[in-house]
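These notes concern the structure reproduced below.
When a ligand or atom number is given, it counts from 1 through the structure's own listing order.
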Amino acid sequence: MHMVCDRVFGPTTTTRHVYDVAAQHVVGGAMEGINGTIFAYGVTSSGKTHTMHGDQRSPGIIPLAVKDAFSIIQETPSREFLLRVSYMEIYNEVVNDLLNPAGQNLRIREDLQGAFVEGIKEEVVLSPAHALSLIAAGEEHRHVGSNNFNLLSSRSHTIFTLTIESSPCGDCSEGEVNFSQLNLIDLAGSESSRAETTGIRRKEGSYINKSLLTLGTVIAKITDGRATHIPYRDSKLTRLLQSSLSGHGRVSLICTVTPSSSNTEETHNTLKFANRAKQIEIQASQNKIIDEKSLIKKYQNEIHRLKEELEQLKRGIVTGTPLKDTGEDDIVLLKQKLEDGNVKLQSRLEQEEDAKAALLGRIQRLTKLILVSTKTTQASRFPQRPGPRRRHSFGEEELAYLPYRRRDMILDNESSDFFVPAEGYGETTEDTSKEKKNRKHGLLNWFKQRKRDSSGTTLTSSDGDKSSGTKSFTAPSTPQAESVTFPPEPRISTSIAVENITAAIVGHDRELPSDSLSRDETPLASIKTIDHVDLLREQLKILSGEVALHTSVLKRLSEEAANSPKKEQIQMEIKKINNEIKAKNLQISSLEKQMADSISATQAKADKSELSPSYAQLLEQLNEKNFELEVKTADNRVILDQLQNKTRECEVLQEIVTSLKEQLSQALEEKELSLSCARLENDVAGANDGKELHVDIEKKATRDVTAELLLQAHQASEIEELKQKLQELMETRTQLEARNQKLVEESAYAKGLASAAGVELKALSEEVTKLMNHNERLANELASVRNSNQRRVSNGPRAMKRESHIKRHEPVNKREVNVSYERELALEATIVEKEQREAELQKKLEESKQREAFLENELANMWVLVAKLKKSQGSEQDDSDAKLKDP
Ligand SMILES: Nc1ncnc2c1ncn2[C@@H]1O[C@H](COP(=O)(O)OP(=O)(O)OP(=O)(O)O)[C@@H](O)[C@H]1O
């Protein structure tokens, strides 16, 4: 950015140096009758208060300026001065008197000399300590509060005004009186929209930002050249600074910036502001008061009159009534009269002595307010300033009014009271000591905890003077002033076309009529109506400002909503702000109605009575303003509608983004599932080729929408493939399950067979056992039969005898032998048969055993197979379960 400014100061620069470079010429000019304004501008916590007020270690521009003003008086023995101060704050667009706690919500009025605050308290000051004590007392009433960046942030703009009157020295000074005002302004810091503030701080912040915004707009319009209307009246700050901003006096703008990277945007804005302000064309001139309304003149004249009175009184006392020649008869009478007269004279003398003392006291009181140099040399200070002044050195008493006493750092090489009142200096000291008793250590920073030692970079933009102009502020007691052109001073100045000045003045003049009416001339009823309409207008402006602010916040939130994850919260806030805007718009319309009613009432009255031209003009102005307000409100509504549309669009976009995100996450889930299935398939089928899929889509998708779409397409095809694979896998699984079922059935059948075979085998073995038993019995029988036959043969004679005996009974025995023989044969045949059957059964048993062994073997194989199948099925089931649980 191409930047124009006079000087850039680094962090090591002292405020004293900044004062010398950027402020001293403004103070010097003010002491010569040229209005001056010095103000600090910057983001919150960038060091404005530090620059303007400072502390004991480093006194700020205000104490340095006050000190310098008194130094200049000391160095100007040819003139006598009268200094008075006022101190006010603009808090939430309300003007409060910091020197008088009762002076709250003061009105700004305008006369031909410019804007002034009605009813503001002005105090005549006699010394730097006196002035600083007043600032200190005023600071205690100033609004401060902690914000995110500054523990004691200025929540209001403060304007310290030093009104200077000077006239040539001498009792019967007929010379002109110089009149000027020096405004030293400490602005509240602009607040970032990022600042997390709530409630009262947010309200204060919005007022601060609004007035600073108006200040920026006014400066932009002044420097624009084409602007026909400059909105000075949009804020109290610009209204009061109108004269200074339109170039009618010396102006020095000190912009403070902070090195913090989080404030880059604000720093940039501050630099832009400085750059713009630098383009303002300055036309400073010396103001001279030619009428008798000057306060210094008033005091001088009164002193003069009182002195004459005193002289007369003195003469009256001294001068006795001469005695005339009288006769002897009258002597007694005369003696009597003389005695009476003496008593009377005595009492008159006493009265006159009292009057004389009272007069002297008044003369002393008045003269002590007028400050003159203690130097005896009467060398004129103007137009050439004498050699370097000894200044900036603070005495003990003055330091007491500065915050955080660090006397070791101050070079106290000069007495503080190097000026004296014109007369009665002793009384001043007495008064000052009284002040001392009452003083409070109370400038804002008195109580400030210094949070950091590193300083913000201070940047100064100071404009020089070029031609003529008028004064900026007018106090209620301010006399009429006249502009006198001074030749331009050799000073750094901006380059701006002279036409622009004219335009600015025209714009300025155009605004004046509504308030330029003399209060004496305006009928009371009209004043009331105008006041009411003024009030409504002010309220309207505040509301419009708030609507504008809300609108900007809304815009910001809408932008944020697009990116922030806390969408719902932001949407809620957007809704809240929308509601607020609606409520404000309702208020605006009701105010407009009230204004319209007031105006029509005024119009009706005006129709009845004869309107003065100024009144008609005023009405016209009001109508114009009303129209302007209506236009602005309509504009606001249009902007609001646009914003609401944008918000809706944003919401729709948000929904699209959300659905896209959901789709993406779904796709990712599916892909994950498919991947696990594929892995499972590979495990089961053993046909895993080791194919690896890369799943890092989510990050990529958020980075690049196009890439995301491509990736999605790619993923879709992959998902399709994977689905097919999954299908195949499912089929395989079904087949496997069928096969498994078959095997289970077979195994059950085999089991049945095996058990049947077992039963059969058991029956067979029992039969075999039976047969074997039977066989054994038969064999035993056979053996016993054989044994008996053999015994008979082997028994011999006995057997023979028996046989012979038997022979005697031959026919019976023969039959018996035959039966036995047949029976033996039958038994033998049965045994053979049994043996054959036994062999057969043995053979059958063997076969059964073999079959059983085979079946058992088959069964074992089957169990192995079943176990295998179960195992594979189980792992498959586990995998799919795990996949389903953790997709
Ligand atoms: N140049 C500096 N040297 C040392 N300290 C500084 C400097 N500038 C600022 N500071 C310190 O930083 C803090 C904030 O400064 P200051 O209060 O002056 O900021 P500000 O711009 O007035 O803020 P706000 O607008 O919130 O009132 C104070 O404690 C002040 O002492």
Side-chain angles (χ1 to χ4, degrees), residues 7-19 21-23 38-64 89-92 98 135 139 142-160 184-197 200-213 215 237 253-260 262-263 266-267 269-271 273-274 402-406 409 443-460:
R7 281 290 291 271
V8 178
F9 300 106
T12 51
T13 315
T14 59
T15 310
R16 193 163 286 192
H17 180 56
V18 176
Y19 176 84
V21 175
I38 302 169
F39 62 107
Y41 180 96
V43 71
T44 184
S45 194
S46 55
K48 294 180 296 299
T49 306
H50 178 86
T51 308
M52 292 310 288
H53 287 273
D55 52 28
Q56 290 192 11
R57 189 171 58 82
S58 167
I61 301 289
I62 295 177
L64 289 170
E89 71 167 359
I90 304 172
Y91 174 70
N92 287 358
L98 292 176
I135 301 172
E139 279 297 330
R142 184 180 185 182
H143 282 88
V144 288
S146 62
N147 63 12
N148 291 353
F149 310 95
N150 197 349
L151 195 64
L152 281 165
S153 171
S154 312
R155 310 309 293 165
S156 60
H157 309 301
T158 57
I159 303 174
F160 174 76
L184 304 171
I185 302 165
D186 178 21
L187 293 177
S190 56
E191 262 167 38
S192 162
S193 51
R194 283 169 295 154
E196 286 169 22
T197 49
I200 198 160
R201 292 279 166 271
R202 178 177 284 182
K203 190 181 166 201
E204 289 169 351
S206 68
Y207 275 111
I208 293 167
N209 284 347
K210 196 215 149 200
S211 59
L212 293 174
L213 193 77
L215 182 64
L237 179 71
L253 167 63
I254 300 167
C255 289
T256 55
V257 294
T258 137
S260 157
S262 61
N263 278 325
E266 284 80 16
T267 303
N269 286 339
T270 305
L271 294 179
F273 179 84
L402 292 176
Y404 191 64
R405 182 179 280 262
R406 285 282 303 276
M409 307 296 283
L443 280 179
L444 170 68
N445 281 355
W446 275 221
F447 308 105
K448 278 196 177 185
Q449 294 290 318
R450 297 287 157 206
K451 286 187 297 180
R452 58 175 193 229
D453 291 332
S454 68
S455 64
T457 310
T458 310
L459 178 136
T460 305

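For ligand 1, the polar-atom distance check against Leu187 finds no nitrogen or oxygen pair separated by under 3.5 Å. Between Gly47 and ligand 1, an N or O atom pair is found at a separation short of 3.5 Å. The distance criterion of under 3.5 Å between nitrogen or oxygen atoms is met by His50 with respect to ligand 1. The shortest N/O to N/O separation between Asp186 and ligand 1 does not fall below 3.5 Å.
Within the 4.0 Å heavy-atom cutoff, Ser45 counts among the residues contacting ligand 1.
Of the possible donor and acceptor atoms, none in the side chain of His53 sits under 3.5 Å from a partner among the backbone N and O of Gly60. Judged purely by atom type and a 3.5 angstrom limit, Ser211 uses its side chain to pair as donor or acceptor with the backbone of Ile208.
Tested against Met52 for a side chain to side chain contact (heavy atoms under 4.5 Å, CB included), the candidates Thr15, Leu64, Ile38, Ile185 yield a single pass: Ile38. Shown are Thr44, Thr49, Val43; of these, the side chain to side chain contact (heavy atoms under 4.5 Å, CB included) with Ser46 is made only by Val43.
Interface atoms of ligand 1 facing Gly189, defined by a heavy-atom separation under 4.0 Å, are 25 (O). Each of the following atoms of ligand 1 lies closer than 4.0 Å to a heavy atom of Lys48: 18 (O), 19 (O), 20 (P), 21 (O), 22 (O), 23 (O), 24 (P), 25 (O). Proximity to Val43 (heavy-atom distance under 4.0 Å) selects the following atoms of ligand 1: 21 (O).
By the 4.5 Å heavy-atom criterion applied to side chains, Phe9 and Val21 are counted as neighbours. Between Phe160 and Leu98 there is no side-chain heavy-atom pair separated by less than 4.5 Å.
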